[in-house]
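What follows is a single structure, written as structure tokens, with notes after it.
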Amino acid sequence: MTERVAATPGLYPLPDRAKETLSDLKGHQKGDLLSGDESEAIVAEYDEVRAEYVDDQLDAGLDLITEGQGRWDDMIAHPLTVSDAVETGGIVRYYDNNNFYRDPRVVDDLGFSGDVTDELADATDLLADAAGGDDASLAATLPGPYSLADLATDEHYGDAADFQAAIAEFLAGEVEAFPDHETLFLLEPSLVTNPPAEGDESSATDAIATVADATDADVIVQTFYGALGEKLYAHLVDEAGADALGLDLVAGDRDDTVYNVQEFGSTDSLSLGLVDGQNTLVEEPETIAERVEWFESQIPLEGFDRTYLTPNTELFYLPTNKYREKLNALAAAAEVLD
């Protein structure tokens, strides 16, 4: 019988109170965004935000708890923008939406940072002390190596394949230092929006496998913004070393996603993007459950080990109240399916 697990990869919206406080503490210019050496006052504010995120997830009843990534000013480019080997360049649009990040220009050999490890250690402490935390498990989140290389600028390695491999080794080194975690989300939106050229699919999946091999946790390669190309999808299933692929079922080309699974099989588990991370309309739990049942009915298999119920993108696009309602809807949908 398939286990249904309500979860999110994180990147939550900052509470309005925190936005105002952090704006005053950090300033308002590009150079004032997070650099990894923030003041005690800024650290304290982000500690409060992290605690709020953990409480929100526990209150909703999620099965996996993420740190929330409140500090990630640059969205999934964050692990590079706080690296000593990186200089931040101009402002770049984050995919096709109205959010922007600082271009991470890699100018030296990438080495261990520990920034995300510290965040996860703090989240672990929060879970240990929280009411109901004993029944929850930690989910770590990182950008996938393909997307992180796609979002960054190489001014050091000089070769696209070498750069992607260096990004993968950098991320693997970070993962090896993580505290205990049950699940690792690797966020790979660029696999859909800017896929590797035909013939280069294996270099992308090799990079993902390098990161996946660095942890004993279940690894979910979470894709956003539509369906994967057929050939790339097949490579990901066979070569990426993932326990689950994350598939966007909100985008209009969901039938292409279903076809991929029907034609090329799947990982042992799947992560389904079931609620719209960019739309304030909150789906009913019964609607989410129906989407799961519809998808599973299309697949000529006895079932998956796990079906993760997730948003189809990060949730930071939403107002705080709507993000919380989406968390509640996902958790309630998992109960409807039990």
### Query
Any side-chain heavy-atom pair from Val43 and Tyr46 closer than 4.5 angstrom?
no
### Task
Give a yes-or-no answer on whether the side chains of Thr183 and Asp218 include a donor-acceptor pair shorter than 3.5 Å.
no
### Query
Between the side chain of Thr66 and the main-chain N/O of Thr8, is any donor-acceptor distance below 3.5 Å?
no
### Message
Can you list everything that forms a ring-ring contact (aromatic ring centres under 6.0 Å, His included) with Tyr317? Sequence neighbours excluded, please.
### Response
none
### Message
For the CG atom on Asp159, are there more than 12 heavy atoms of other groups (residues, nucleotides or ligands in this structure) within a distance under 6.0 Å?
### Response
yes
### Message
Given 3.5 Å as the limit, does a donor-acceptor pair link the side chain of Gln57 with the main chain of Tyr53, or not?
### Response
yes
### Task
Go through the steps for Arg17 and Glu52 under the test salt bridge (Lys or Arg N to Asp or Glu O under 4.0 Å), then give the verdict.
CA-CA 12 Å; Arg17 166 198 54 76; Glu52 191 169 324; 3.3 Å; yes
### Summary
When rounded to the nearest 0.5 Å, the distance separating CG of Leu58 from CG of Leu327 is 11.0 Å
### Query
Checking Ser203 side chain against Asp200 main chain: does a donor-acceptor pair fall under 3.5 Å?
yes
### Message
Under 4.5 Å between side-chain heavy atoms, counting indirect links through other Ile/Leu/Val/Met/Phe/Trp/Tyr residues: same cluster for Ile76 and Leu110 or not?
### Response
yes
### Message
Tyr323: which residues meet the ring-ring contact (aromatic ring centres under 6.0 Å, His included) condition with it, sequence neighbours left out?
### Response
Tyr12
### Task
Could you tell me the separation between the CG atom of Leu236 and the NZ atom of Lys231, rounded to the nearest 0.5 Å?
13.0 Å
### Query
Quick one: do Ile42 and Val49 end up in the same hydrophobic cluster if we chain Ile, Leu, Val, Met, Phe, Trp and Tyr together by side-chain heavy atoms under 4.5 Å apart?
yes
### Query
Roughly how far apart are Thr193 OG1 and Asp96 CG, rounded to 0.5 Å?
8.0 Å
### Task
For Ser269 and Asp305, test the side chains for any donor-to-acceptor distance below 3.5 angstrom and give the result as yes or no.
no
### Query
Do Leu187 and Leu11 come within less than 4.5 Å of each other through their side chains, counting heavy atoms only?
yes
### Message
For a 4.5 angstrom cut-off between non-hydrogen side-chain atoms, does Ile299 reach Phe304?
### Response
yes
### Query
Can you tell me how far the CG atom of Leu270 sits from the CG atom of Leu272, to the nearest 0.5 Å?
6.0 Å
### side-chain hydrogen bond (donor to acceptor under 3.5 Å, both in side chains), paired with Ser190, selected from Tyr225, Tyr146, Tyr95
Tyr95
### Message
Please tell me whether Val86 and Val107 are part of a single hydrophobic cluster in this structure, the criterion being side-chain heavy atoms less than 4.5 Å apart.
### Response
no
### Within-4.5 Å side-chain heavy-atom neighbours: Leu249 and Phe295
yes
### Query
Under a 4.0 Å N-O cut-off, is there an ion pair linking Lys26 with Glu38?
no
### Message
Using side-chain heavy atoms (C-beta onward) and a distance below 4.5 Å, is Val116 in contact with Leu142?
### Response
yes
### Message
Given 3.5 Å as the limit, does a donor-acceptor pair link the side chain of Asp253 with the main chain of Ala227, or not?
### Response
yes
### Task
Look at the side-chain heavy atoms of Ile, Leu, Val, Met, Phe, Trp and Tyr, link any pair under 4.5 Å apart, and say whether Leu318 and Val250 land in one connected group.
no
### Message
Do Ser202 and Glu239 pair up side chain to side chain, a donor and an acceptor below 3.5 Å, judged on atom types alone?
### Response
yes
### Task
Kindly compute the distance separating CD (Glu325) from CG (Leu281), expressed to the nearest 0.5 Å.
10.0 Å
### Query
Does the distance from a Lys or Arg side-chain N to an Asp or Glu carboxylate O, for Glu45 and Arg71, drop under 4.0 Å?
no
Which side-chain N or O atoms in residues 125-137 pair as donor and acceptor under 3.5 Å with protein atoms at least two apart or in another chain?
{"unit_1": "Ser137", "atom_1": "OG", "unit_2": "Glu182", "atom_2": "OE1", "d": "2.7"}

### Task
Answer yes or no: is there a side-chain heavy-atom contact under 4.5 Å between Leu186 and Ile220?
no
### Task
Please confirm whether the backbone N or O of Arg102 pairs with a side-chain atom of Asp74, one donor and one acceptor, at under 3.5 Å?
yes
### Exam field: side chain Thr215 to backbone Val211, donor-acceptor pair closer than 3.5 Å
no
### Query
Do other residues, nucleotides or ligands put more than 12 heavy atoms under 6.0 Å from the CG atom of Asp84?
no
### Message
Taking Val282 as the starting point, is it possible to reach Val275 by hopping between hydrophobic residues whose side chains are less than 4.5 Å apart?
### Response
no
### Summary
Contacts of Asp150 meeting salt bridge (Lys or Arg N to Asp or Glu O under 4.0 Å) (sequence neighbours excluded), chain-then-number -> none
### Query
Testing Thr117, Asp115, Asp122 for side chain to side chain contact (heavy atoms under 4.5 Å, CB included) with Glu119, which one passes?
Asp115
### Task
For the residue pair Glu314 and Trp72, confirm or rule out a side-chain donor-acceptor distance under 3.5 Å.
no
### Query
Less than 4.5 Å apart, any side-chain heavy atom of Ile208 and any of Val221?
yes
### Within-4.5 Å side-chain heavy-atom neighbours: Val5 and Leu64
yes
### Task
Any pair with a residue in residues 104-114 that passes salt bridge (Lys or Arg N to Asp or Glu O under 4.0 Å), sequence neighbours left out, goes on the list, sorted by first then second residue, please.
Glu87-Arg105, Arg105-Glu155
### Task
Mark yes or no for whether Glu67, through its side chain, and Gln69, through its backbone, hold a donor-acceptor pair below 3.5 Å.
yes
#### Entry: Side-chain donor-acceptor pair present, Glu188, Thr223, cut-off under 3.5 Å
no
#### Entry: Atom CD of Glu40 with >12 non-hydrogen neighbours under 6.0 angstrom
no
### Query
Counting N and O atoms only, with roles assigned by atom type, does the side chain of Glu174 sit under 3.5 Å from a partner on the main chain of Ser113, one being a donor and the other an acceptor?
yes
### Message
Check whether Lys322 reaches the backbone of Leu315 with its side chain - one donor and one acceptor, N or O, closer than 3.5 Å.
### Response
no
### Task
Using a strict cut-off of less than 4.0 Å between a Lys/Arg side-chain nitrogen and an Asp/Glu carboxylate oxygen, indicate whether Glu296 and Arg291 qualify as a salt bridge.
no
### Summary
Rounding to 0.5 Å, atoms CZ (Arg50) and CG (Asp55) come to a distance of 12.5 Å
### Task
State whether a side-chain donor-acceptor pair under 3.5 Å links Arg93 with Asn98.
yes
### Message
For Gly226, is there any backbone N or O sitting under 3.5 Å from a side-chain donor or acceptor partner on Asp248?
### Response
yes
### Summary
Nearest heavy-atom contact between Asn279 and Lys326 is O-NZ, 2.9 Å
### Query
Which pairs count as ring pair (Phe, Tyr, Trp, His ring centres under 6.0 Å) when at least one residue sits in residues 97-144, sequence neighbours excluded?
none
### Message
For Phe316 and Tyr94, take the angle between the two ring planes, folded into 0 to 90°, and tell me which bin it lands in: parallel under 30, tilted 30 to 60, perpendicular over 60.
### Response
tilted
### Query
Does one side chain, of Ser271 or Gln222, offer a donor that lies under 3.5 Å from an acceptor on the other?
yes
